[in-house]
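As structure tokens, the structure follows; a few thoughts come after it.
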Amino acid sequence: MSNPDSTGNEDVAVRPVRRLRRAERREQILDAATRAFARAGYAATGLDDIATEAELTRAMLYRHFDSKADLYRAVLDRACVRLAEATGADDFGDDAIPALLRAAAADPDGFRLLFRYAAREPDFRDLIDSLTAASREVGRRNLARAIPEGPWLDWAANLIPGFTLEAVIAWLDAGQPDPRSGRRPHRPSRTRRHGRRAPQRLTDETSHPSAL
């Protein structure tokens, strides 16, 4: 099938758009926008880029979102919901870090947008600040089981959530290496053996400031 172009010719092919339910179309657009924003960032990504990524027209985007900012906010909100569903929001149990890694692996672009890119965007910093504050509060509540109230607890509660997120992003950037794969070293060096105990040592030492 062909439609007339701006010159009146009728040899411009129009790619058919598969009909989807409104919710399905919205998810398609959010998926495409997440990929596009993660590649180039918010400022450098236009609605035309997202339309191309989604294989839709710009007009189709406007049927679901009022603006690029509205679409970006929806992308970040969806990433937040997925993260909360995957990790929970109240406790740091034994599965907390594995759950965070699974969530990041399931939606790496969304994870990077939340914790690497959106933090640099003043118009969206409020969302990241609220996430950070919530993470610190949960971290503080759980760390208080091992660290007495005071400046050391304040320090650990501020440090550990940010350190953990940066570590997960570095893991994504490294290609999501599986610690169970590959050959095991014959014997780890003294530094590496001590490094494996570093998280526990951090907790132990911050619990007893006199040891530092």
Side-chain angles (χ1 to χ4, degrees), residues 27 30-42 71-121 124-147 149 152-182 184-185 188 192-207:
E27 287 299 303
L30 288 174
D31 288 342
T34 299
R35 294 191 299 270
F37 284 131
R39 275 199 306 270
Y42 175 74
L71 176 53
Y72 193 60
R73 175 75 64 172
V75 165
L76 297 178
D77 287 343
R78 187 180 70 160
C80 284
V81 169
R82 287 179 170 180
L83 183 64
E85 290 175 346
T87 63
D90 297 326
D91 193 27
F92 284 163
D94 292 339
D95 193 48
I97 298 301
L100 187 63
L101 291 173
R102 288 193 296 270
D107 187 16
D109 288 337
F111 196 91
R112 288 190 181 97
L113 282 177
L114 275 178
F115 298 111
R116 172 178 285 171
Y117 300 116
R120 305 171 186 171
E121 302 291 342
F124 305 97
R125 185 61 194 254
D126 61 310
L127 176 61
I128 306 309
D129 287 345
S130 65
L131 275 176
T132 301
S135 297
R136 287 174 178 167
E137 177 58 31
V138 173
R140 183 185 183 86
R141 188 166 63 248
N142 286 271
L143 289 167
R145 301 169 185 170
I147 306 174
E149 185 71 31
W152 289 106
L153 178 57
D154 296 339
W155 170 75
N158 286 329
L159 172 69
I160 291 177
F163 175 82
T164 301
L165 292 173
E166 287 297 323
V168 173
I169 289 175
W171 175 74
L172 290 175
D173 292 345
Q176 305 177 28
D178 185 347
R180 297 168 298 179
S181 64
R184 305 182 71 179
R192 291 184 62 187
R193 292 199 304 272
H194 283 221
R196 290 177 181 176
R197 295 197 295 269
Q200 184 61 49
R201 291 180 63 197
L202 175 64
T203 302
D204 292 343
E205 291 174 356
T206 52
S207 301

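If you're wondering where the values come from, they're calculated on a predicted model, not measured in any experiment. Quick note: residue numbers are just sequence positions, from 1.
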Considering only distance and modelled atom types, tabulate donor-acceptor pairs under 3.5 Å from the side chains of residues 160-170, sequence neighbours left out.
residue, atom, partner, partner atom, Å
Thr164, OG1, Ile160, O, 2.8

*Ala33 and Val75: which non-hydrogen atoms are nearest, and at how many Å?*
CB-CG2, 3.8 Å
*What pair of heavy atoms forms the shortest contact from Ala144 to Leu153, and how long is it?*
N-CD1, 3.9 Å
*Please state whether the rings of Phe115 and Phe111 are parallel, tilted or perpendicular, taking 30° and 60° as the class boundaries.*
tilted
_Let's go through Asp31 and Arg78 carefully: what are the C-alpha distance in whole Å and the side-chain angles of both, what is the deciding distance for side chain to side chain contact (heavy atoms under 4.5 Å, CB included) to 0.1 Å, and is it a yes or a no?_
CA-CA 10 Å; Asp31 288 342; Arg78 187 180 70 160; 2.9 Å; yes
*Leu131 versus Cys80, closest heavy-atom pair with distance*: CD1-SG, 3.6 Å
*Could you grab the distance from atom CG of Leu76 to atom CG of Leu83, nearest 0.5 Å is fine?*
12.0 Å
Return all side-chain donor-acceptor pairs below 3.5 angstrom for residues 99-110, not counting sequence neighbours, or 'none' if the list is empty.
residue, atom, partner, partner atom, Å
Arg102, NH2, Asp95, OD1, 3.4
Arg102, NH2, Asp95, OD2, 2.8
Asp107, OD1, Gly110, N, 3.3

_Arg116 and Asp173, any side-chain heavy atoms less than 4.5 Å apart_ = yes
*asked:* Would Asn158 and Arg140 count as a side chain to side chain contact (heavy atoms under 4.5 Å, CB included) here? Give the steps.
replied: CA-CA 8 Å; Asn158 286 329; Arg140 183 185 183 86; over 6 Å; no
*Is the shortest heavy-atom distance from the side chain of Leu127 to the side chain of Arg73 under 4.5 Å?*
yes
*Looking only at heavy atoms, what is the nearest atom pair of Ala119 and Ile128, with distance?*
N-CG1, 3.9 Å
*Flag the pair Phe124 / Tyr72 as yes when at least one side-chain heavy-atom distance between them is below 4.5 Å, and no otherwise.*
yes
*Hey, could you give me each pair passing salt bridge (charged side-chain N to carboxylate O under 4.0 Å, His left out) that has a residue in residues 33-42? Not counting sequence neighbours.*
Arg35-Glu53, Arg39-Glu53
